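Here the structure is laid out as structure tokens; the discussion comes afterwards.
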Number of protein chains: 2
Amino acid sequence: MTDAPARRQATIEDVAQAAGVSRAAVSKVLRNAYGVSDGMRERVTAAMTQLNYRPRIAARAMRGRTYTLGIELPDLSNHFFARIARGATAALDGTSYQLIIAPAEAGSREGMRALDALVDRQVDGVIAVSPRVDEARLERISASVPVVMFGRHDTSDRYDVVAGDDAAGGRAVMTHLLGLGHRRIAHLTLHESGAHEPFPHGVRLREYEAAMAAAGEDTVVWRTDEGETASYEVVRRMLADGSPMTAVFAAHDELAFGAMRAAAEARVPLAVIGYDDVPMASHPALGLTTVHQPGEAMGARAVEMLLERIAGRTEAAREIFDVELKVRTSAGAPAA
Amino acid sequence: MTDAPARRQATIEDVAQAAGVSRAAVSKVLRNAYGVSDGMRERVTAAMTQLNYRPRIAARAMRGRTYTLGIELPDLSNHFFARIARGATAALDGTSYQLIIAPAEAGSREGMRALDALVDRQVDGVIAVSPRVDEARLERISASVPVVMFGRHDTSDRYDVVAGDDAAGGRAVMTHLLGLGHRRIAHLTLHESGAHEPFPHGVRLREYEAAMAAAGEDTVVWRTDEGETASYEVVRRMLADGSPMTAVFAAHDELAFGAMRAAAEARVPLAVIGYDDVPMASHPALGLTTVHQPGEAMGARAVEMLLERIAGRTEAAREIFDVELKVRTSAGAPAA
DNA sequence: GTGAAAGCGCTAACAA
DNA sequence: TTGTTAGCGCTTTCAC
């Protein structure tokens, strides 16, 4: 009861007193600003470690930087997003910046709440991964903080863009399937995706439609909610209803896994192709043919762009990453 | 060039002026504190929406709460952790709190840096998932902010604990394998796990050893780095070296998938059991027998504990979740 | 029911 | 080279 005085976190003032210098001096050492003698730096550093001092980010925020970058992620269950985050985290290694992830909860208006939360916390830069965040709000946000949009195929002079080459990826899938002789090919995508939209799934859908039109075939678009389970249900129902499709181009790997499961269960030969190349896709038991996107590199590049902006760049940047079709085979499934 | 005046974010002062009231009044409306007339509330609210006002969290942090809970996650590639985060996010839905995730980068001292980053940002509560964070530091941190440790099986009166029943899970796995007639069973775990440690992998290892001893068999522990790929490499090498094992108990599903891949490639009949029950485990092409942990519920409970602490609870809490062995079969693999 | 004012921990301009 | 000081935006007594 007598020991352990309710211990307050040490402040810059405490450090200053312990070292016998002014707050400004400590602050300078902290930011290693110009004009500090070696002796002083030493005493201050000693006091800091002794007091276990850690600068409060909130106090810094009130004067400028927070040394924090934020990334908004729509779906932690999708391994591709984890790769982006991993690349972003790694790119910050060794810098004084920290990455924080704001998960967009399922129901919310597509990540707007998570994005706002990041901005409210005054991050020094934001990466937005949910495609359909409100355009106007995004423009406004990017007036006050650097923004990188992931996967958008339109352009803005306000924010930067990192995306995969979805058009090339979509074409590669369709060329491959048509080359294999498939004609009755369905596209499996989320309910909300529209072919006119400049988002990854929109572009993939557009390429599907274009390729089918060029081949003189009718398009068949299957719609599903997010996730392997929902995808499975949709495809199961389609197959049970006697769908004559021989192949499915799924908008991403999770959906593809669901489709594979439904086909395997129904013992229907259905060639399934995915998108993203999540780790499980290359497992021999699955052997999912898919389009590889360099998620880590893309995440790292997004962080670089933010750091460039913070360092002063003002023109908008934009980088489209090459993708690559990975052709794989699995035990029971038909050629895809 | 003439329009768009460098727009500053609206502050509480701006709102006060627009509404013709004092800053204090606005603050009260914001926190809906006692003593505000309806008329005033209305004018203030109007001014807020009109100016698009959003309170700065950093400024709030200097006086108290940040309305932010932080969770430190060791490995975004592991789907089980994504489930925890999902449960935690969902539990915060509808509250004024926001969850932020700090990813622990691979090399760092097991999440300490990420934890510190969270504390530096003055989150109102922390969930730590990396098992081997520095004990002393943890105690110190929990003096200033509520902490929930995930998966620890020792006790502390400083922080709360949420864990799965790893002892029961480990026993279930071993009982199952031994019941199937397996005798040469290896345990596949990470390099750093020790049987004496009160962490999930330590407990699982201990149960493995105990069961083998009880069965009068020698223990064989295979060590690997984190991840499916590393696990695959290790098991591939073991099989190539002519290991006589007929079954493997993997410390978690990712490692199990790697083992399955190695066995499939080597065409060696190897029964593999995992832990966690990530979504892919139930895919029929994989059919991984594994121990199910209710990740979402565990994440949600951790958040609840934090909110209880914030609301004033002072005694330490501790909850161990039941787990369940899921027996599955896949096409090519031997009974597991 | 409403407002004045102090102060949280830090940075940076300026003075010494 | 070092120290003084004015805020940053908010919450919270405490008067009125």
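None of the values given here were measured: they were computed from a predicted structure. Values below: every heavy atom of this structure, side chains too, minus hydrogens, waters and symmetry copies. Chain letters run A, B, ... following the sequence lines, proteins first, then strands; residues in each count from 1.
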Closest to the side chain of A/Met40, out of D/dG9, C/dC10, D/dT2, is D/dT2
Here the distance between atom P of C/dG3 and atom CD of B/Glu13, to the nearest Å, is 12 Å
Whole-Å distance, A/Tyr34 OH to C/dA12 P, equals 17 Å
Examine the side chains of A/Thr66 and A/Arg121 and answer whether a donor and an acceptor come within less than 3.5 Å of each other.
no
When rounded to whole Å, the CD1 to P distance for the pair A/Ile12 and D/dG3 reads 13 Å
From CD of B/Gln122 across to C1' of C/dC10 the rounded distance in Å is 11 Å
Requested in this report: Determine whether more than 12 heavy atoms belonging to other residues, nucleotides or ligands lie under 6.0 Å from atom CD of B/Glu42.
Outcome: no
One thing to verify: whether A/Arg152 and A/Glu135 come together as a salt bridge, which I'm taking to mean a side-chain N less than 4.0 angstrom from a carboxylate O. yes
When rounded to whole Å, the CG to P distance for the pair A/Asn32 and D/dT1 reads 14 Å
In numerical order, the residues of residues 18-28 of chain A whose heavy atoms come under 4.0 Å of DNA chain C are A/Arg23, A/Ala24, A/Ser27
message: Contact between A/Val148 and A/Tyr159 at the side-chain level, heavy atoms closer than 4.5 Å - yes or no?
response: no
Checklist entry - Distance check: side-chain N/O of B/Arg31 vs OP1/OP2 of D/dT12, anything under 4.0 Å? => result yes
- Message: Under 3.5 Å, is there a donor on one side chain and an acceptor on the other for B/Arg31 and B/Ser27?
- Response: yes
Rounded to whole Å, the CZ-P distance (A/Arg121 to D/dG9) equals 18 Å
Margin query: Taking the basic N atoms (NZ, or NE/NH1/NH2) and the acidic carboxylate oxygens, is any pair closer than 4.0 Å for A/Asp160 and A/Arg318?
Written below: no
Applying side chain to side chain donor-acceptor pair (under 3.5 Å) to A/Ser156 and not counting sequence neighbours gives A/Glu139
Do B/Asp120 and A/Arg56 sit within salt-bridge range, that is, some charged N less than 4.0 Å from a carboxylate O?
-> no
Ion pair present between A/Glu315 and A/Arg309, side-chain N to carboxylate O less than 4.0 angstrom? no
Between D/dT2 and A/Ser37, is there an OP1 or OP2 to side-chain N/O distance shorter than 4.0 Å? yes
Per the under-4.0 Å heavy-atom filter, residues of residues 43-64 of chain A near DNA chain D come out as A/Met62, A/Arg63
Atom CD of B/Gln17 and atom C1' of D/dG9 are separated, to the nearest Å, by 14 Å
Separation of D/dT2 atom P from A/Glu42 atom CD, nearest Å, is 12 Å
